[in-house]
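This one's a predicted model, so the numbers in the text were calculated from it and none came from an experiment. Read the numbers this way: they start at 1 and go in the same order the structure lists the ligands and their atoms.
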Amino acid sequence: MSNPTVATPPMAAEEITTNQFDRAADLLGLSRSMRQRLCTPFREVTVQVPVLMDNGEIEVFVGHRVQHNGARGPTKGGVRYHPSVDLHEVRGLATLMTWKTALLDLPFGGAKGGVAVDARKLSQRELERLTRKFTDRIAIALGPYRDIPAPDMGTNAQTMAWMLDEYSQKKGYSPAVVTGKPVSLGGSLGREEATGRGVMIIMREAARDFGIPWKGSTAAIQGFGNVGSHLAVALSAEGVKVIAVTDADGGVMNAAGLDIAALMSYLKVERTVKGFPGAEPLTNDELWRVKCDFMVPAALGGVITKEDNAAILDCKVLVEAANAPTTPIADKILEERGIVVLPDFLANAGGVVVSYFEWTQNLQQLRWDVAQVNEGLERKMVAAYKEVIALARERNVSMRTAAYAIALKRVADAEELRGN
Ligand code: NAD
């Protein structure tokens, strides 16, 4: 877990995903009733989360778990701790998970959860109590064949270990009830790096198809947490120059390429990339002006907007490593400007792919080695990318609309077959 800050995105994930849904539903010619079935969440749970704080007072937080659609299998999706969490955001992100699992053809539906809390202000003991209470309150809706949480912004493998323990105390040892666990508790090798690694794979495929020489290409990244930092490591191993990174506290830039190994060591000690020596300081606002091949939002949603930056981005490809980073109007501006957008639920799907591998390993009680995990990840990501680019080119639509159309069709078919 790294440093989420208080920031309200200008447009909620729910509004972003609904708008994008309509375009793809039109392309597929979906009926009104099927649109309703696909848009309406299956189950939403909002809970009170009272936590005994270290000062002896009880603080009350609010948590949500939304299970959007389970036609294709148990619902799957992360749990986020961030002050901006509300039911609308969680609903939008749960919806995105339905499309993501369908696009990657995983046997899951979509869910998301979250607690409105600034996790940085809580001690480890308070975080543990919060996690256990939240798990206790939503446990009735969870299960290895019902709904399987994972980490997201502000949560990590330790959070999943507490969730697993709390759930198992009630139902018996159930490692498959959460993914993104520590490896010693049944987590998968390669899971922690999977989202960043998956983003790199999609960028590499796009570089080839859009004529960008991969080795020596340049990338700028907002967010240096789980996704951003592992992406930077994967990119630098490929010979891509990461020239700018920021996090909640600020950032750094070096046009010759940042030394990512040194930056990772710096981050371990300082808990931020700000102030990293051998680089120029850079603010989050300045980041969007950086000239690069790949601009990668890997922190909050709703950060690419008409008002702030869509017209000034100086990149060839916008890589949506974060969930729902681009507002629909900004998306249109990018399309008009000829900037390729690699949509979130394709670009950042590596995490849920390896979560699926983790779940299957838990159910079969065996462990894959890291090479097997990474080979599986590579295969899944490349297959999904190829399907999306082929449809986008065939129908002359954006990669986002193509990705939605593929996903919607899979879920609609499952809904149809399951009947009422
Ligand atoms: P994280 O909590 O590990 O890291 C978040 C990073 O964003 C931190 O570096 C933080 O400092 C930075 N940040 C927070 N607020 C910021 C701000 N206002 N300006 C600039 N930087 C800011 O979270 P993560 O797991 O890396 O998730 C990042 C994004 O990727 C989220 O949108 C999440 O939904 C998405 N995502 C994560 C996963 C996963 O497996 N972790 C999978 C798919 C999608």
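At a heavy-atom distance under 4.0 Å, only side-chain atoms of Arg191, from C-beta outward, approach ligand 1. Contact annotation for Leu300 and ligand 1: only side-chain heavy atoms (C-beta onward) come within less than 4.0 Å of the ligand. When non-hydrogen atoms are compared, ligand 1 lies under 4.0 Å from the backbone of Asn323 as well as from its side chain. Residue contacts with ligand 1 for Pro325 are absent, since no atom lies close enough (heavy atoms, distance under 4.0 Å). Neither the backbone nor the side chain of Ala150 has a heavy atom within less than 4.0 Å of ligand 1. At a 4.0 Å heavy-atom cut-off, ligand 1 touches Val227 through backbone and side chain alike.
At least one N or O atom of Asn226, backbone or side chain, sits closer than 3.5 Å to an N or O atom of ligand 1. Residue Lys100 has no N or O atom closer than 3.5 Å to an N or O atom of ligand 1. Between Asp152 and ligand 1, an N or O atom pair is found at a separation short of 3.5 Å. Residue contacts with ligand 1: Ala299 is placed with a nitrogen or oxygen under 3.5 Å of a nitrogen or oxygen of the ligand (distance criterion only). Between Gly228 and ligand 1, a contact under 3.5 Å exists for no N or O pair.
Within the structure, the closest approach of Gly301 to ligand 1 does not fall below 4.0 Å when heavy atoms are considered. Not a single heavy atom of Glu192 sits under 4.0 Å from any atom of ligand 1.
With 3.5 Å as the limit, one finds a donor-acceptor pair spanning the side chains of Asn156 and Thr159. Using modelled atom types and a 3.5 Å distance limit, the side chains of Thr272 and Asp247 yield a donor-acceptor pair. When only modelled atom types and interatomic distance are considered, Ser398 and Glu335 share no side-chain donor-acceptor pair under 3.5 Å.
Taking every non-hydrogen atom of Gln222 and a distance limit under 4.0 Å, the qualifying atoms of ligand 1 come out as 19 (N), 20 (C). Close approach of ligand 1 to Ala322 is summarised as follows: ligand atoms under 4.0 Å from at least one heavy atom of the residue are 29 (C), 30 (O), 32 (O). Under a 4.0 Å criterion applied to the non-hydrogen atoms of Gly154, ligand 1 contributes the atoms 2 (O). Heavy-atom proximity to Asn284, at under 4.0 Å, picks out these atoms of ligand 1: 19 (N), 20 (C). Per-residue contacts place Asp247 under 4.0 angstrom from the following atoms of ligand 1 (heavy atoms of the residue considered): 9 (O), 11 (O), 20 (C), 21 (N), 22 (C).
Classification of the Trp214-Phe294 ring pair by plane angle, with boundaries at 30° and 60°, yields perpendicular.
The pair Arg204-Glu378 meets the salt-bridge criterion, since a charged nitrogen lies less than 4.0 angstrom from a carboxylate oxygen. Salt-bridge formation is detected for the pair Asp136/Lys170: a Lys NZ or Arg NE/NH1/NH2 atom is positioned less than 4.0 Å from an Asp or Glu carboxylate oxygen. Here Asp413 does not pair with Arg72 in a salt bridge; the nearest charged N to carboxylate O distance is not below 4.0 Å. Ion pair Asp165/Arg132 flagged as a salt bridge, since at least one NZ, NE, NH1 or NH2 atom sits closer than 4.0 Å to an Asp/Glu carboxylate oxygen. A salt bridge is absent between Asp147 and Arg43: the closest approach of a Lys/Arg side-chain nitrogen to an acidic carboxylate oxygen does not fall below 4.0 angstrom. Ion pairing between a basic and an acidic side chain is recognised when a charged N comes within 4.0 Å of a carboxylate O; Glu387 and Lys409 show no such pairing.
Both the sub-6.0 Å distance and the 45° axial angle are satisfied by Arg393 relative to the ring of Phe210.
The number of heavy-atom neighbours closer than 6.0 Å to CD1 of Ile329, taken from other residues, nucleotides and ligands shown, is 12 or below.
Taking each of Thr195, Thr283, Leu96, Leu287 in turn, the one with a heavy atom nearest to atom 39 (C) of ligand 1 proves to be Thr195.
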